[in-house]
Amino acid sequence: MTDSKVKNEEQQRSNDEWLQVESLDLDAQGVAHKANGMVVFIEGALPFEQVQLNVHRKKNNWEQGTVTKIGRESSQRVRPGCPHFGLHAGACGGCKMQHLDAAAQVAVKQRALEDNLWHLGKVRPENILRPLEGPAWHYRYRARLSVRHVIKKGTVLIGFHERKSRYLADMKVCPVLPRQVSDMLMPLRDLIGSLDARDTCPQIELACGDASEGLGLGVIALVLRHLDPLSGADVDRLKAFAAQHQGVQWWLQAKGPDTVKLLEEGGPALAYELPEFGVRMPFKPTDFTQVNPHINRVLVSRALRLLDVQPHERVIDWFCGLGNFTLPLASRAREVLGIEGSDTLVARATENFERNRPATAARRALAATSFVARNLFEMTPEMLVADGAAEKWLVDPPREGAFALAKAVADLHQQPELRAGWVPPKRIVYVSCNPSTLARDAGLLVHQAGYRCAFAGVVNMFPHTAHVESIAVFDLA
């Protein structure tokens with residue numbers, strides 16, 4: 001018998017073996033073990049199911065494959081809400097967990113947060129917060145949609161890439177996008193197909209705002225990336241499309257983000273509401289805002305409740321962006337300092353503060369608030385002291401986390417001679433979009449900076465995806 005035949009027979013026996021799925025990883029793969037102890041990652045399998053799989057990748061101590069048969073189905077398995085989700089050829093790769101009950105998805109993310117905090121930071125929260133949840137469908141108000149004119153198919157594709165592929169999925173609907181946007185996908189494909197520039201428009205960035213009265217969907221900003229100048233006829237086609245679809249506002253991007261400009265002046269501004277605080281936040285479609293406005297509202301509310309800001313306190317909002325937390329904080333505190341790495345964002349945050357500064361019937365006037373630009377990835381103890389003491393901190397970093405900031409706090413804790421009268425905040429509320437960097441920073445705060453982790457919990461900002469957003473509270477020990 002040849003070596004290849006032996007190998008094929010061994011592979012077939014491996015594929016015929018029934019495995020008990022033990023858990024789910026953050027790539028939504030079932031995790032099982034073979035009789036010999038080898039770890040197996042199985043796409044499409046859920047915890048407690050008995051499955052067979054087709055192995056397509058094999059290493060010395062693990063295998064990866066796709067489920068082919070389910071002998072015992074999980075009670076948490078549900079029918080996916082999108083026809084483009086699945087393991088079939090051409091399936092969309094935008095979501096990974098639609099086959100899992102929404103509540104079970106949150107439980108998986110909670111476990112991922114706790115595992116990261118313990119295994120990477122050796123931190124166990126004293127209390128687990130109830131998960132923050134919102135609508136499971138039509139929640140995604142921001143998205144980067146790829147565009148391809150596929151000559152062989154005689155059509156234009158718009159949407160997300162296929163699962164584990166560089167090709168675009170043939171998406172006709174997308175139920176995680178707002179309903180109006182999902183209904184617009186096919187008309188958008190027809191529009192791009194009609195353009196002279198259909199071969200040189202690789203991307204449409206979507207950003208939706210709230211209606212001016214704070215109810216429902218408002219402006220639908222579509223940023224068209226075009227590699228070559230658009231013809232007059234193409235500009236007319238874009239304008240006609242906007243006239244036919246309520247709320248659509250075209251922006252054009254010829255090169256980098258700084259080249260983005262509105263196609264037609266006038267019309268309502270792109271903005272979102274934080275009604276509990278009487279705040280309306282204008283933004284540009286390329287500004288960073290949260291993908292899920294429903295969750296953002298409750299996230300801001302929870303963060304402020306946890307921070308428990310008192311009227312006499314000074315607060316620092318690190319990585320403040322447009323002022324998503326800063327302006328609500330200013331409705332509670334004596335003084336707020338917002339610190340951000342981008343001069344452009346600092347200018348935009350300052351503008352937003354001035355717009356919202358006057359008192360309204362919904363709230364008192366905002367407290368004294370200032371914004372500064374600083375590279376927060378190069379923070380030092382000296383810079384921290386120079387910013388002055390504050391009773392409370394809000395920290396909301398990007399995926400890279402806030403290591404330099406946490407390290408500066410730890411250095412000041414361990415070297416009192418550097419403080420020069422500076423005192424650490426009594427409480428830190430840390431909002432994270434990456435549990436591994438949160439765990440790393442939590443380890444510094446707890447083991448080297450004199451804090452304890454009082455609370456932690458997940459925020460389901462991205463239902464049906466493996467993305468884990470979380471919030472943690474650190475108190476001086």
Can you name the residues that form a salt bridge (Lys or Arg N to Asp or Glu O under 4.0 Å) with Arg225, not counting sequence neighbours? none
Tell me every residue that passes salt bridge (Lys or Arg N to Asp or Glu O under 4.0 Å) with Asp183, counting only those two or more places apart in sequence or in another chain. none
Show the atom names and distances, to 0.1 Å, of all donor-acceptor pairs under 3.5 Å that link a side chain in residues 416-427 to residues at least two apart or in another chain.
from	atom 1	to	atom 2	distance (Å)
Arg419	NE	Leu412	O	2.8
Arg419	NH2	Leu412	O	3.4
Arg419	NH2	His413	O	3.1
Lys426	NZ	Glu313	OE2	3.3
Arg427	NE	Asp475	OD1	2.6
Arg427	NH1	Leu306	O	2.5
Arg427	NH2	Asp475	OD1	3.3
Arg427	NH2	Asp475	OD2	2.8

For the CD1 atom of Ile428 and the CH2 atom of Trp393, what is their distance to the nearest 0.5 Å? 5.5 Å
Close side-chain approach of Leu337 and Asp317, heavy atoms under 4.5 Å: no
Tell me every residue that passes ring pair (Phe, Tyr, Trp, His ring centres under 6.0 Å) with His84, counting only those two or more places apart in sequence or in another chain. none
Please lay out, stage by stage, how Trp251 and Gln249 fare under the test side-chain hydrogen bond (donor to acceptor under 3.5 Å, both in side chains). CA-CA 7 Å; Trp251 297 65; Gln249 199 179 76; 3.1 Å; yes
Of all residues at least two apart in sequence or in a different chain, which pass the side-chain hydrogen bond (donor to acceptor under 3.5 Å, both in side chains) check with Arg142? Thr289
List in chain and number order the residues that pass ring pair (Phe, Tyr, Trp, His ring centres under 6.0 Å) with Phe85, two or more places apart in sequence or in another chain; answer none if no residue qualifies. His99
Listed by chain and number, what are the salt bridge (Lys or Arg N to Asp or Glu O under 4.0 Å) partners of Arg302, not counting sequence neighbours? none
Other residues, nucleotides, ligands: >12 heavy atoms within 6.0 Å of Phe41 CZ: yes
Any chance you could measure Phe403, atom CZ, to Phe377, atom CZ, to the nearest 0.5 Å? 12.5 Å
Counting only N and O atoms by type, is there a donor-acceptor contact under 3.5 Å from the side chain of Lys109 to the main-chain atoms of His467? yes
Give a yes or no answer on whether the side chain of Gln105 reaches the backbone of His464 with a donor-acceptor pair at less than 3.5 Å. yes
Those residues that, when tested against Glu335, pass side-chain hydrogen bond (donor to acceptor under 3.5 Å, both in side chains) (two or more places apart): Arg314
Please identify each residue that fulfils ring pair (Phe, Tyr, Trp, His ring centres under 6.0 Å) with Tyr430, with sequence neighbours left out. none
With sequence neighbours excluded, what pairs up with Lys164 under the salt bridge (Lys or Arg N to Asp or Glu O under 4.0 Å) test? Glu43
Who pairs with His447 by ring pair (Phe, Tyr, Trp, His ring centres under 6.0 Å), at least two apart in sequence or on another chain? none
Hey, could you give me the CG/CD distance between Asn296 and Glu469, rounded to the nearest 0.5 Å? 9.0 Å
Short question: side chain of Arg334, backbone of His312 - any donor-acceptor pair under 3.5 Å? yes
Between Phe160 and Leu145, is any pair of side-chain heavy atoms under 4.5 Å apart? yes
Ser301: side-chain hydrogen bond (donor to acceptor under 3.5 Å, both in side chains) partners, not counting sequence neighbours: Glu276
Rounded distance (nearest 0.5 Å) linking atom CD of Glu340 with atom CG of Leu376: 7.0 Å
For the residue pair Tyr139 and Phe462, does the interplanar ring angle fall in the parallel (under 30°), tilted (30 to 60°) or perpendicular (over 60°) class? perpendicular
Could you give the distance from CZ (Arg452) to CZ (Phe474), rounded to the nearest 0.5 Å? 11.5 Å
Between Thr369 and Thr326, is the side-chain contact (heavy atoms from CB on, under 4.5 Å) condition met? List the steps. CA-CA 8 Å; Thr369 302; Thr326 325; 4.0 Å; yes
So does Lys284 get a backbone contact from the side chain of Asp287, meaning a donor-acceptor N/O pair under 3.5 Å? yes
If you count every heavy atom of other residues, nucleotides or ligands that lies below 6.0 Å from Lys261 atom NZ, does the total exceed 12? no
